[in-house]
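Quick caveat, the model's predicted, so the values are computed rather than measured. So you know, we letter chains A, B, ... as the sequences are listed, proteins then strands, and number each from 1.
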Amino acid sequence: MPELPEVETTARGLIPILRGQKITTVQVRVKKLRWDLPKNLGRDLTDATVTAITRRAKYMVLRLDTGQNWIVHLGMSGRMHRINADQWQTPLKHDHLLLRLANDICVAFNDPRKFGMMDIVAADKIDIYRHFAHLGAEPLVRGFDGEYLFEQLQRRKIAVKLAIMDQKLVVGVGNIYASEALYRARISPKRPAHKISRAECDKLAQAIKDVLRLAIKAGGSSLRDYVQSDGKIGHFQDDFAVYGRTGQPCPACHKAKKPCKIEKFTQGGRSTFWCNNTQS
DNA sequence: CAATGAACCTGGTTGC
DNA sequence: TGCAACCAGGTTCATT
């Protein structure tokens with residue numbers, strides 16, 4: 001599910017709920033998600049106070065006053081949000097971890113497909129943490145621009161859509177926003193990465209920033225099960241130009257004499273959506 | 001090092 | 001109605 005905007009929205013939504021709060025009780029209801037949970041997860045979280053919540057790539061980083069960081073990845077179907085206190089006794093299906101805070105507010109991590117992950121990492125070891133060490137640029141910072149993108153794309157022969165989804169190049173762009181960004185930049189997802197011009201890289205870097213920022217503003221995209229921390233759904237799915245819109249008119253050329261339709265095909269085992277007329 | 005495909009899970013939808 | 005096949009937002013690992 002969650003790409004950068006959904007993780008960012010979730011993290012921001014958790015701040016008013018969790019920051020400054022002491023975790024009093026933890027229910028760990030499964031042994032593993034994508035991988036085994038840390039052996040002492042429940043013990044490490046119990047009695048800790050959450051001091052800050054940030055995001056790196058598609059990971060949430062919850063800083064604890066114990067000097068440790070609680071790392072949470074939502075995988076494909078994960079959510080983390082406030083629940084009613086009575087659900088503490090009768091958790092919903094796929095509520096894999098529950099927190100009770102000192103103020104009696106409860107929070108659940110729910111993940112039907114169990115592709116999420118959690119870890120505990122010491123604050124001074126976060127930079128060498130194995131899941132962070134090889135990540136590429138954050139797309140919403142200055143350093144990510146046409147120059148950087150061009151340099152990275154130059155040495156890859158894979159299709160540009162696959163390249164911008166590679167977390168070693170740029171983080172946070174997943175299957176939805178890759179299609180959406182390429183559409184905005186009017187670049188075909190099929191183009192070999194190293195054949196994208198420097199000028200096109202400027203456009204593409206800007207398109208990635210734009211689409212991610214707009215999606216964050218909209219509270220993320222809710223397809224099946226994504227909800228924000230307060231339980232509300234995001235609504236950027238209403239603004240998709242191409243994702244999931246096979247057969248529907250392309251927003252840029254639906255008024256043209258020859259109206260064209262959004263097409264779908266497979267790249268790297270994932271669906272790509274595009275307009276053959278608008279993008280080249 | 002780069003590219004490719006399978007694997008990890010559950011649930012919803014589609015088609016026979 | 002039943003059931004198999006296919007699809008879904010991500011990441012890692014083995015193999016070429």
Side-chain angles (χ1 to χ4, degrees), chain A residues 1-11 29-37 55-60 71-81 92-97 109-119 129-136 139 151-181 190-195 208 211-212 215-216 218-228 233-240 242-247 264-273:
Chain A
M1 164 213 345
E3 304 182 30
L4 186 149
E6 292 74 35
V7 180
E8 181 72 28
T9 303
T10 300
R29 309 184 66 239
V30 293
K31 275 210 175 87
K32 69 176 288 239
L33 297 168
R34 179 68 172 81
W35 299 288
D36 286 350
L37 295 175
R55 176 193 59 73
R56 171 71 174 117
K58 296 172 192 166
Y59 298 84
M60 288 192 289
I71 311 291
V72 178
H73 194 295
L74 299 173
M76 293 273 263
S77 56
R79 323 174 201 177
M80 192 156 157
H81 60 101
L92 296 176
K93 201 171 185 183
H94 310 305
D95 277 350
H96 303 314
L97 182 139
F109 175 88
N110 185 290
D111 182 12
R113 293 181 71 181
K114 292 188 191 150
F115 280 180
M117 66 143 279
M118 289 185 189
D119 217 341
Y129 176 48
R130 69 186 190 103
H131 293 295
F132 286 10
H134 304 293
L135 291 174
E151 189 233 311
Q152 291 290 318
L153 293 185
Q154 279 292 294
R155 33 193 199 84
R156 293 168 197 247
K157 292 180 179 168
I158 50 170
V160 60
K161 190 231 183 186
L162 267 21
I164 62 173
M165 286 177 67
D166 184 345
Q167 305 296 300
K168 294 196 290 297
L169 198 163
V170 57
V171 302
V173 180
N175 202 40
I176 292 177
Y177 298 104
S179 282
E180 292 295 321
K190 300 181 181 183
R191 297 260 302 280
H194 67 282
K195 292 193 174 170
I208 289 171
V211 76
L212 295 177
I216 291 170
S221 305
S222 295
L223 292 191
R224 290 167 176 73
D225 39 29
Y226 170 72
V227 291
Q228 300 175 53
I233 64 167
H235 58 266
F236 193 70
Q237 67 280 5
D238 299 338
D239 297 330
F240 288 167
V242 290
Y243 186 85
R245 298 190 67 247
T246 314
K264 170 180 163 177
F265 69 102
T266 300
Q267 282 181 301
R270 325 278 312 262
S271 293
T272 299
F273 300 86

Which pairs, protein N/O on one side and nucleotides 1-3 of chain B N/O on the other, fall under 3.5 Å?
| from | atom 1 | to | atom 2 | distance (Å) |
| --- | --- | --- | --- | --- |
| B:dA2 | OP1 | A:R155 | NH1 | 3.1 |
| B:dA3 | OP1 | A:K157 | N | 2.4 |
| B:dA3 | OP1 | A:I158 | N | 3.0 |

Whole-Å gap separating P (B:dA7) and CZ (A:F115): 12 Å
Presence of A:H94 side-chain N/O under 4.0 Å of B:dC9 phosphate oxygens OP1/OP2: no
Counterpart residues, side chain to side chain donor-acceptor pair (under 3.5 Å), relative to A:Q167 (two or more places apart): none
Whole angstrom value for the distance that separates P of C:dG10 from CE of A:M118: 18 Å
Which residues share a side chain to side chain contact (heavy atoms under 4.5 Å, CB included) with A:K168, sequence neighbours left out: A:D166
Along DNA chain B (nearest heavy atom to each residue), the more 5'-positioned of A:R113 and A:G269: A:G269
Partner residues of A:R34 under the salt bridge (Lys or Arg N to Asp or Glu O under 4.0 Å) criterion, sequence neighbours left out: none
A:R79 CZ - B:dG11 P separation (whole Å): 12 Å
By side chain to side chain donor-acceptor pair (under 3.5 Å) - contacts of A:K161 (at least two apart): A:N175, A:T272
Atom-pair distance (NZ on A:K31; C1' on B:dC9), nearest Å: 18 Å
Flag, side chain of A:E180 to backbone of A:Y243, donor-acceptor distance under 3.5 Å: yes
Listed partners of A:H194 passing ring pair (Phe, Tyr, Trp, His ring centres under 6.0 Å), at least two apart: none
Rounded distance (Å) that lies between atom P of C:dG10 and atom CE of A:M60: 15 Å
Interatomic distance where OH belongs to A:Y177 and C1' belongs to C:dG9 [whole Å]: 9 Å
Which residues share a ring pair (Phe, Tyr, Trp, His ring centres under 6.0 Å) with A:Y59, sequence neighbours left out: A:H73, A:F132
Side-chain N or O of A:K93 closer than 4.0 Å to phosphate OP1/OP2 of B:dT10: no
Phosphate OP1/OP2 of B:dC9: any A:S77 side-chain N/O under 4.0 Å: no
Side chain to side chain donor-acceptor pair (under 3.5 Å) against A:Y177, all qualifying residues, sequence neighbours excluded: A:E6, A:S221
Protein proximity profile, nucleotides 11-16 of chain C - base contact B, sugar-phosphate-only contact S, no contact -, cut-off 4.0 Å on heavy atoms: BB----
Spacing between A:L223 atom CG and B:dG11 atom C1', to the nearest angstrom: 15 Å
Side chain to side chain donor-acceptor pair (under 3.5 Å) against A:R55, all qualifying residues, sequence neighbours excluded: A:E8, A:E138
Canonical and wobble pairing (Watson-Crick, G-U, under 3.5 Å) of DNA chain C, dot-bracket with |: .|||||||.|||||||
A:H96: side chain to side chain contact (heavy atoms under 4.5 Å, CB included) partners, not counting sequence neighbours: A:V30, A:L33, A:H94, A:F109, A:D111, A:K114
Pairwise C1' distance for B:dA3 and C:dG9, with rounding to whole Å: 23 Å
